[in-house]
Amino acid sequence: MRNNALVVVDMLYDFIDGSLACQNAENAVAQTLKYIDSQTKGQGGEEHEILDTFPILFIRDHHPADHSSFKEFGGIWPPHCVAGTHGGEIHSDLVPYVSEELTFDKGCDRTTEQYSGFEGVNYAEQSLGEVLELLDTTDVYVCGIATEYCVRNTCTDLLKAGYKVHLLKDCIAYVDYEGHLKALEEMASEGISIE
Ligand code: VGL
Ligand code: ZN
């Protein structure tokens with residue numbers, strides 16, 4: 001049997017309109033909402049019932065204020081997604097679909113970059129990989145930010161773990177357009193389905 005889940009990667013304010021604002025981010029959020037709507041319509045019921053049939057898992061880049069990926073601490077990025085700040089919050093339009101058990105934080109340790117959401121952990125220290133397994137997931141749909149970094153690394157790790165990976169190409173945002181196209185090409189050649 002096929003069991004679908006949606007993984008929403010880093011749809012956080014710093015990547016949408018903040019310090020690391022990415023191209024197509026606002027549109028990607030709108031398209032993601034449309035997609036969620038299309039998958040959950042007709043099921044009726046409350047949002048928590050929807051989660052039983054179509055789990056939506058959220059990844060959050062979640063850094064300490066002195067994270068080593070920030071320029072002033074030797075990294076390449078402006079400060080972003082600092083835990084506890086507005087820039088690190090999930091876009092408010094998506095919040096109705098967010099639950100604590102299905103929210104996974106990464107990059108929490110100041111010394112590690114962690115672009116992949118696969119190793120992210122929820123409040124109970126369960127990883128995304130563990131929870132997908134508990135949900136009997138076969139097919140993972142992925143959207144989010146940024147194509148070349150977190151989306152890319154998350155998709156590759158999901159594929160390695162044996163999932164069928166579907167990348168929703170209208171629901172992603174990127175740092176650089178050429179980099180985005182190149183990452184899409186590479187992911188397609190790895191066996192990720194671009195939809
Ligand atoms: C990301 C840059 C810095 C990402 C995270 O999630 O794509 N990009 N930190
Ligand atoms: Zn980061």
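Everything quoted here is computed from the prediction, not taken from an experiment. Note that ligands are numbered from 1 as they come in the structure, with each ligand's atoms numbered from 1 the same way. Numbering of residues begins at 1 and proceeds along the displayed sequence.
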Participant: Report the part of Arg60 (side chain from C-beta onward, or backbone N, CA, C, O) that has a heavy atom under 4.0 Å from ligand 1; answer both or neither where that applies.
Facilitator: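 Neither part.
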Participant: Can you find an N or O of His80 that's nearer than 3.5 Å to an N or O of ligand 1?
Facilitator: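 There is such a contact, yes.
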Participant: Of all the heavy-atom pairs spanning Ile90 and Tyr13, show the shortest one and how long it is.
Facilitator: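 Shortest heavy-atom separation between Ile90 and Tyr13 comes out as O-CE1, 3.8 Å.
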Participant: Under 4.5 Å between any side-chain heavy atoms of Val9 and Val7, yes or no?
Facilitator: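 Of all side-chain heavy-atom pairs linking Val7 with Val9, at least one is under 4.5 Å.
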Participant: Going by the atom numbers of ligand 1, which of them fall below 4.0 Å from some non-hydrogen atom of Asp10?
Facilitator: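 Selected atoms, number and element: 4 (C), 6 (O).
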Participant: Check for me: within less than 2.8 Å of the Zn ion (ligand 2), which protein N/O/S atoms show up?
Facilitator: Asp61 OD2, His63 NE2, His80 NE2
Participant: Tell me if the CD atom of Glu195 is crowded by more than 12 foreign heavy atoms within 6.0 Å.
Facilitator: yes
Participant: One thing to verify: whether Arg152 and Glu190 come together as a salt bridge, which I'm taking to mean a side-chain N less than 4.0 angstrom from a carboxylate O.
Facilitator: yes
Participant: Taking N or O atoms only and a 3.5 Å limit, does Ala146 qualify as a polar contact for ligand 1?
Facilitator: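 Indeed, backbone or side chain, Ala146 has an N or O that close.
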Participant: So, Lys182 and Glu148, do they make that salt bridge, N to O below 4.0 Å?
Facilitator: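 Salt bridge flag = no for Glu148 with Lys182.
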Participant: Phe70: which residues meet the ring pair (Phe, Tyr, Trp, His ring centres under 6.0 Å) condition with it, sequence neighbours left out?
Facilitator: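 Here the qualifying residues are His63, His67, His80.
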Participant: Can an N or O of Cys150 be found at a distance shorter than 3.5 Å from an N or O of ligand 1?
Facilitator: yes
Participant: Between Asp105 and Arg60 (salt bridge meaning N to carboxylate O under 4.0 Å), is one present in this structure?
Facilitator: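 Yes, this pair counts.
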Participant: Identify the heavy atoms of Phe118 and Ser127 that sit nearest to each other, and give their distance.
Facilitator: O-CB, 4.1 Å
Participant: Classify the contact between Glu148 and ligand 1 as side chain, backbone, both or neither, using a heavy-atom distance cut-off of under 4.0 Å.
Facilitator: neither
Participant: Using a strict 4.0 Å threshold on nitrogen-to-oxygen distance, state whether Asp10 and Lys106 make a salt bridge.
Facilitator: yes
Participant: Geometry only, no angles: is Asp61 polar-contacting ligand 1 at N/O separations under 3.5 Å?
Facilitator: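 Yes.
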Participant: Among all protein heavy atoms, pick out the one at the shortest distance from atom 1 (C) of ligand 1; state its residue, atom name and that distance to 0.1 Å.
Facilitator: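 Residue, atom and distance for the closest contact: Phe15 CZ, 3.6 Å.
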Participant: Among Leu33, Thr32, Leu6, find the one that has a side-chain contact (heavy atoms from CB on, under 4.5 Å) with Tyr97.
Facilitator: Leu33
Participant: With a 4.0 Å cut-off on heavy atoms, is Lys106 touching ligand 1?
Facilitator: yes
